Amino acid sequence: MNFQKARVDKHNCWPTAMLFKAEQEFSDLLAMRHHPQVFEPVQLQFSNDANFQVLVGHLIDGIECLPTRPDYLFDHCFRVIDKGATPLFSKGGKAIVQGLGGKLTLANQKGWNDILALLANAMPLGSYKYVAKRICYAHVQPSIQNDFIKGRAKDFFGEVRYNEFMDKFAVPPPVAPQTVGAKLKGKPKLSNPPPVDAKKIDLCASFLKLYISGSFGGKPKNPATHTTLDMTRVQNQPKDKKRIEFFLSLLLYTSRNERAHGSMLSPFRTSKADVERYERFYFSALVAYIFALGVIDLQGAIAIPVADIKTICARNLQLQKHLFT
């Protein structure tokens, strides 16, 4: 498929339906699963509070985009987090994604610890790889947006752990040989390798899963130089508010900024799109929905018991597992 031409054709032939490769694959998956339920909302109490009604409106707008556009549910849920939490902080954006974890865990430490365990264990490996690639690439490829990601990653890990983390994982790939037979103006054409070794990204994703799960792991290969990455040490285990910061600041906020700045193609209409990308966006949408519920509860117009948030989180993870496995 010529995706560049297909985008123009899709625009020009509207409203005639035209599916891209990944969209067709996901449609086929839904049909194979007999069009299952893909999402279940929590049951909210009623309030005529004007701000609460605005936030619920965003949730409705997002849910109604399912099952085909989980990325739109993600967008609307992040708007709820941003708009709903701004009054709780001196400013929005970075202050929210880095500070909301502290307020949520202060309100109910045990409940959010249980929710974090569910999310960390269910997070697709592709989502961990997404975070790993973004923060490692940001370290070695300076740009305005990458500098923002780098700054948030430093804030999350702390200066010492960040430096050890990048020393271990942000490693360039081996020098690739010249492409045989490829000529450019009479000279051999060099391959264009990624800035970070793909194998290191895989290892980085696995480490992030261990780190965010709160589980104890093995010692690093270089314990003398990577002491803060030694997950056998209790002092290296992240607190729950920092685990929430990982989801909000490094997973959700990074994705939100890429989408909001308009620099990314529609996620399901590219040559690299596949069903796994749907799985990643369904998970991110659920994470955003869960923390949006936490924000609504903190606002106080209605109460959403953390036990209910945990139950609906587990239920939706079950629905996603049925859909994608």
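No hydrogens, no waters, no symmetry mates; every other heavy atom, side chains included, goes into these values. Since we're looking at a predicted model, the values are computed, not measured.
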Check against salt bridge (charged side-chain N to carboxylate O under 4.0 Å, His left out), Arg152 and Glu245: CA-CA 10 Å; Arg152 296 199 308 275; Glu245 183 180 337; over 6 Å; no
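- Side chain of Thr105 to main chain of Gly101: a donor-acceptor pair is present (N/O by atom type, distance under 3.5 Å, no hydrogens or angles).
- Residues Leu319 and Gln37 are in side-chain contact: their nearest non-hydrogen atoms beyond the backbone lie under 4.5 Å apart.
- Electrostatic pairing of Asp75 and Arg256 does not count as a salt bridge here, judged by no charged N lying under 4.0 Å from a carboxylate O.
- More than 12 heavy-atom neighbours from other residues, nucleotides or ligands sit within 6.0 angstrom of NZ on Lys209.
- Distance check: Ile149 CD1 to Ile144 CD1 gives 12.5 Å after rounding to the nearest 0.5 Å.
- Arg161 and Asn236 share a donor-acceptor pair across their side chains, judged by distance under 3.5 Å alone.
- Rounded to the nearest 0.5 angstrom, Leu251 CG and Ser127 OG are separated by 6.0 Å.
- One finds the CG atom of Asn113 at 9.5 Å from the NZ atom of Lys310 (value rounded to the nearest 0.5 Å).
- Under 3.5 Å, the side chains of Thr270 and Arg277 contain a donor-acceptor pair of N or O atoms.
- Side-chain atoms of Asp49 never come within 3.5 Å of backbone atoms of Ala301 as a donor-acceptor pair (strictly under, hydrogens ignored).
- A heavy-atom distance below 4.5 Å is not found between the side chains of Ile302 and Phe46.
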CA sep, side-chain torsions, deciding dist, call: Arg69, Asp71, salt bridge (charged side-chain N to carboxylate O under 4.0 Å, His left out): CA-CA 5 Å; Arg69 296 305 299 259; Asp71 54 324; 2.6 Å; yes
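- Contact annotation: the side chain of Asp155 approaches that of Lys94 to within less than 4.5 Å [non-hydrogen atoms, C-beta and beyond].
- Within 6.0 Å of NZ on Lys10 lie more than 12 heavy atoms contributed by other residues, nucleotides or ligands.
- Side chains of Asn48 and Gln53: a donor-acceptor N/O pair is absent below 3.5 angstrom, by distance only.
- For the residue pair Asn257/Gln145, the side-chain donor-acceptor check at 3.5 Å is not satisfied.
- Annotation for Lys21: atom NZ counts as buried by contact number, over 12 foreign heavy atoms lying within 6.0 Å.
- Although no hydrogens or angles enter the test, the distance criterion places no donor-acceptor pair under 3.5 Å between the side chain of Gln98 and the main chain of Ser249.
- Residues Ile296 and Leu59 have side chains in contact (heavy-atom distance under 4.5 Å, counting atoms from C-beta outward).
- The backbone N or O of Pro67 lies less than 3.5 Å from a partner atom in the side chain of Tyr282, making a donor-acceptor pair.
- Across every non-hydrogen atom of Asp147 and Pro142, the tightest pair is OD1-CA, 4.0 Å.
- Arg259 places none of its side-chain heavy atoms less than 4.5 Å from the side chain of Phe78.
- To the nearest 0.5 Å, the span separating NE2 on His58 from CD1 on Ile81 amounts to 12.0 Å.
- Nearest heavy atoms, Phe74 versus Leu252: CZ-O, 3.4 Å.
- Remark: Met18 CE to Asn12 CG distance equals 10.0 Å, nearest 0.5 Å.
- Counting heavy atoms from C-beta on, the side chains of Arg243 and Asp240 come closer than 4.5 Å.
- A side chain to side chain donor-acceptor pair (under 3.5 Å) with Asp9 is found for one member of Arg7, His11, Lys5 and no other, namely Lys5.
- Although no hydrogens or angles enter the test, the distance criterion places no donor-acceptor pair under 3.5 Å between the side chain of Gln320 and the main chain of Leu317.
- Minimum interatomic distance between Tyr137 and Ile201 (heavy atoms only, all atoms of both residues): CE1-CD1, 4.5 Å.
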CA sep, side-chain torsions, deciding dist, call: Asp202, Lys199, salt bridge (charged side-chain N to carboxylate O under 4.0 Å, His left out): CA-CA 5 Å; Asp202 290 342; Lys199 292 181 179 179; over 6 Å; no
Criterion salt bridge (charged side-chain N to carboxylate O under 4.0 Å, His left out) on Asp230 and Arg233, from CA distance to verdict: CA-CA 6 Å; Asp230 182 353; Arg233 298 185 177 187; 3.4 Å; yes
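- Remark: the backbone N or O of Leu210 is paired with a side-chain donor or acceptor of Ser213 at under 3.5 angstrom.
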His226 and Phe165: CA distance, side-chain angles, deciding distance, ring-ring contact (aromatic ring centres under 6.0 Å, His included) verdict: CA-CA 8 Å; His226 298 145; Phe165 183 91; 9.9 Å; no
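- Heavy-atom contacts from other residues, nucleotides or ligands closer than 6.0 Å to CD of Gln4 number 12 or fewer.
- Annotation: side chain of Phe20 is in contact with side chain of Glu23 (closest heavy-atom distance under 4.5 Å).
- When every heavy atom of Glu258 is checked against every heavy atom of Tyr130, the shortest pair comes out as OE1-OH, 3.0 Å.
- Judged by distance alone, with hydrogens and angles left aside, the side-chain atoms of Tyr278 form no donor-acceptor pair with the main-chain N or O of Phe268 at under 3.5 Å.
- Across every non-hydrogen atom of Leu19 and Ser27, the tightest pair is CD1-CB, 4.3 Å.
- Using a 3.5 Å distance cut-off with no hydrogens or angles, the side chains of Asp28 and Gln24 do pair a donor with an acceptor.
- At least one donor-acceptor pair closer than 3.5 Å links the side chain of Glu164 to the backbone N or O of Thr227.
- Counting all heavy atoms, side chain and backbone alike, Lys242 lies closest to Phe156 at O-CE1, 2.9 Å.
- Between the side chain of Asp297 and the backbone N or O of Leu293 there is no donor-acceptor pair closer than 3.5 Å.
- In this structure, Asp308 contributes its side chain and Ile304 its backbone to no donor-acceptor pair below 3.5 Å.
- The environment of Glu276 atom CD is sparse: at most 12 non-hydrogen atoms of other residues, nucleotides or ligands sit within 6.0 angstrom.
- Atoms OG1 and CZ, on Thr228 and Phe157 in that order, are 9.0 Å from each other to the nearest 0.5 Å.
- Ile96 has its side chain out of reach of Leu248: every pair of non-hydrogen atoms, C-beta onward, lies at least 4.5 Å apart.
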